Amino acid sequence: MAYDIENIFAKILREEVPCVKVYEDDNALAFNDINPQAPIHVLVIPKGPYVSIDDFIASASDSEIAGFFRAVGNTARQLGLSTPGYRILVNTGDNGMQEVPHLHVHIMGGRKMGPMVAI
Ligand code: AMP
């Protein structure tokens, strides 16, 4: 699947659409999810044009991958979630029910997240 430069997260990266930014570095931008499923629900996206985690792992450089996952962890730490913990989630492709075709890691916390859900 080709990267769609008009997807909503590409527009957020270009500052054409606003977001509530919670973390940014050279590799990643993190912002509040517009429809939160937990008291804290943040999305972390790489700055490069990657459709999904599958595309990212296949195409990104080692430094982009390392930098991005460090940014995910740094975001969670900055949000004060290291203790008592949090959940991360990456929906991927059709069966994963991914809605926005730019890789995003969901960070959810602020309450017990409950059992893993497969529905
Ligand atoms: P997914 O189903 O994993 O692709 O998740 C997409 C997420 O993007 C959903 O949780 C949406 O609430 C969120 N979302 C969509 N548009 C925006 C936006 N403009 N700002 C922040 N979050 C958004």
Side-chain angles (χ1 to χ4, degrees):
M1 180 186 189
Y3 184 78
D4 172 13
I5 62 167
E6 296 304 327
N7 80 76
I8 189 78
F9 294 167
K11 291 179 179 178
I12 287 174
L13 280 172
R14 294 196 297 268
E15 300 185 338
E16 295 167 9
V17 168
C19 71
V20 178
K21 189 185 298 186
V22 300
Y23 179 89
E24 184 171 20
D25 63 21
D26 289 345
N27 299 291
L29 174 68
F31 52 90
N32 285 339
D33 195 294
I34 207 167
N35 183 23
Q37 305 297 309
I40 297 171
H41 187 170
V42 166
L43 302 173
V44 191
I45 66 174
K47 292 196 167 174
Y50 299 104
V51 173
S52 66
I53 189 76
D54 184 69
D55 181 28
F56 189 59
I57 294 303
S59 305
S61 68
D62 287 355
S63 74
E64 284 177 287
I65 292 169
F68 177 67
F69 281 101
R70 192 170 295 279
V72 171
N74 284 342
T75 301
R77 293 178 75 96
Q78 183 177 296
L79 289 165
L81 293 174
S82 298
T83 306
Y86 56 95
R87 177 171 290 163
I88 64 173
L89 176 72
V90 184
N91 294 322
T92 308
D94 281 348
N95 277 5
M97 306 290 284
Q98 181 180 356
E99 292 170 14
V100 179
H102 182 116
L103 169 60
H104 47 286
V105 172
H106 297 256
I107 299 176
M108 290 171 281
R111 64 167 166 81
K112 286 223 182 278
M113 297 308 303
M116 291 285 288
V117 177
I119 54 172

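Counting starts at 1 for both ligands and their atoms, in listed order. These numbers were taken from a predicted model, which means no experiment stands behind them.
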- Is a side-chain donor-acceptor pair under 3.5 Å present for Gln78 with Thr75? no

- Query: Can you tell if the side chain of Pro49 reaches within under 4.5 Å of the side chain of His102, non-hydrogen atoms only?
  - Reply: no

- Can Lys47 and Glu24 be counted as an ion pair, charged N to O under 4.0 angstrom? yes

- Query: Under 6.0 Å between ring centres, would you say that holds for Tyr50 and Tyr3?
  - Reply: no

- Message: Just so I know, are the side chains of Val105 and Phe68 near enough to count as touching, which here means a heavy-atom distance under 4.5 Å?
- Response: yes

- Using heavy atoms and a cut-off under 4.0 Å, could you grab the residues that are in contact with ligand 1, chain by chain, numbers ascending? Ile8, Phe9, Ile12, Phe31, Asn32, Asp33, Ile34, Asn35, Leu43, Asn91, Met97, Gln98, Glu99, Val100, His104, His106

- Close side-chain approach of Ile12 to Phe31, heavy-atom, < 4.5 Å: yes

